[in-house]
Amino acid sequence: MIAPARFCAIDFGTSNSAVAVPDDDGTMRLVELEPGQRTMPTAVFYFAEGRHDADGPPRAFGRAAVAAYVEGHDGRLMRSMKSILGSALIDQTTDVGGGRGAKYSDIVAGYLKRLRRLAGEPTRVVLGRPVFFVDGEPVRDAAAQAQLEACARAVGFSDVQFQYEPIAAAFDFEQQAIREGRGEQIVLVADIGGGTSDFSIVRVGPERARRLARRDDILASHGIHIAGTDFDRHIELAGLLQAFGYRGTGPSGRELPSGLYFDLATWHLINTCYAPQRVAEWRGMKSWFSDVRQHARLMTVLEERLGHELAARAEGAKIAISGGADTTVDLSHVEPGLVLPLSEKTAVDALRADLDRIISTAHETVALAGLRPAQIDALYFTGGSTGLRLLVDGMAAGFPQATRVSGDRFASVATGLGLHARRLFEASAASTHPPASTPH
């Protein structure tokens, strides 16, 4: 039985999530969300068959959700739900199989409910948030936080606070630095996950760590809505989908429409490619293809609903080339014997524009703090996408004098959020004034 918790911290990520709760010794610990795992894929699988229970329709979460999809169970896999926040989709209903529909907001809430239960059903929470849910649109960005807060309150959290994810990672770095006997430093935190690349410039040190109010130590925060899922999409378009007709031309020399291919490479839009009218339209476009094998492959993907599996193969290819080596992508589930080569050069070319924009955003963050690159003492990398060597090396090149530190790619933010939650809620317990529901 899970022990009750007073409060918790949740890193609700685009690709993976983690939860921290108070331990008996006054520290924070990460919850085991699945057997032997402190992080869990942000994924839900809705089974087409089975009865509703008190929690709603039959579902699997995390690795079990991905396994249900891979094993071929009838239903709908949902990933990257965080990307929906701030959009009109949040209030829309989507088909989840078996003639059932679910609102996107209920899908997000259902996942948070699972995390809350695993945490011991606390009523107070610090939720991580990107610096920008939506780039350049403050109204939509505010709406995204409000939507996430509403989902959290709907599943039983009565006190909901937020903290910027890269600032939480800075708190985790600070604890490591203190243990290693380091003094005060200015750190550039690079939190590059599945949906956003976020940066903060934070002053850390042993004396500062004792204070609850850290606003003056946060010198700048900035971010951009480009990260791991964008890398996956570009690799799928450049390395896989050209074998299915993307950027192909027909006998007339006219390029094939690209909209379907973009949707096939975007997790939350893949299901729209299976609409009967859309499938029928592309079935009738065989004569538009110079290479009819490409049309046959595309129709296999659409008719057998293999889009999510194709996207997963692209993600796997990204991971395979992350260390700088060429790889191959086995697509024999689409066509017997179909294996596509993917070179590091192809990946670099596909990702170059995104990598340049992310690195540029890091330097913009330094400028917003009124600093020069030479004044940065340390670079702290966290988030799943910092496993991409091309990105980390490219960013570090702009700060050659800074110490390069890699945190736990999937748990640093949750650990830092937990540190913040402990300071916040334990301090507020002795105060008659509750904290504000805004990042500190």
Side-chain angles (χ1 to χ4, degrees), residues 5-11 18-31 38 119 122 124-129 131 159-191 198-222 365-366 368-371 375-382 402-408 411-440:
R6 294 165 292 157
F7 57 85
C8 72
I10 294 178
D11 175 20
V19 180
V21 297
D23 217 341
D24 293 338
D25 62 1
T27 62
M28 297 292 288
R29 64 177 174 83
L30 296 184
V31 176
R38 300 179 305 156
R124 313 180 83 181
V125 63
V126 168
L127 280 165
R129 59 151 292 165
V131 175
D159 188 350
V160 181
Q161 310 297 321
F162 288 90
Q163 181 56 275
Y164 292 127
E165 291 156 357
I167 292 173
F171 295 154
D172 181 54
F173 169 81
E174 183 174 59
Q175 292 299 305
Q176 293 184 36
I178 291 172
R179 288 194 298 269
E180 294 168 4
R182 300 182 200 168
E184 187 170 300
Q185 300 178 82
I186 296 177
V187 58
L188 167 58
V189 178
D191 177 16
D198 292 317
F199 302 93
S200 284
I201 310 293
V202 184
R203 200 185 304 273
V204 301
E207 295 301 319
R208 296 178 182 278
R210 297 188 178 97
R211 302 184 303 177
L212 174 62
R214 301 294 301 272
R215 189 176 296 276
D216 291 344
D217 294 336
I218 301 165
L219 307 183
S221 291
H222 194 22
T365 311
V366 175
L368 286 172
L371 300 174
Q375 293 174 279
I376 300 300
D377 298 310
L379 300 178
Y380 187 58
F381 292 100
T382 187
T403 302
R404 189 159 108 178
V405 182
S406 294
D408 186 320
S412 292
V413 170
T415 300
L417 289 172
L419 292 169
H420 180 65
R422 189 183 69 187
R423 294 169 183 156
L424 189 66
F425 292 132
E426 289 183 353
S428 67
S431 170
T432 57
H433 303 288
S437 180
T438 55
H440 286 64

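Position 1 is the first residue of the sequence; numbering continues from there. Side chains are part of it too, since the values below use all heavy atoms of this structure and drop only hydrogens, waters and symmetry mates.
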Check side-chain contact (heavy atoms from CB on, under 4.5 Å) between R179 and all other residues, then give those that pass, not counting sequence neighbours. Q175, Q176
Residues in side chain to side chain donor-acceptor pair (under 3.5 Å) contact with R182, at least two apart in sequence or another chain: E180
To the nearest 0.5 angstrom, please state how far the CD1 atom of I218 sits from the CD1 atom of I201. 11.5 Å
Counting C-beta onward and ignoring hydrogens, is there a side-chain heavy-atom pair between V204 and F173 closer than 4.5 Å? yes
Applying ring pair (Phe, Tyr, Trp, His ring centres under 6.0 Å), can you list everything that pairs with F199, at least two apart in sequence or on another chain? none
A20: partners by side-chain contact (heavy atoms from CB on, under 4.5 Å), with sequence neighbours left out: A9, M28, L30
Between D191 and Y164: side-chain donor-acceptor atoms closer than 3.5 Å: no
My understanding is that only residues two or more places apart in sequence, or in another chain, count here; which of them pass side chain to side chain donor-acceptor pair (under 3.5 Å) with S200? S221
A119 and V31 have their tightest heavy-atom pair at CA-CG2, 4.4 Å
Within a strict 4.5 Å, meaning less than it, do heavy atoms of the Y380 and V202 side chains meet? no
Using the side-chain contact (heavy atoms from CB on, under 4.5 Å) criterion, which residues pair with D408? Sequence neighbours excluded. R38, F410, A411, S412
What are the two closest heavy atoms between I376 and L371, and how far apart are they? CD1-CD1, 4.2 Å
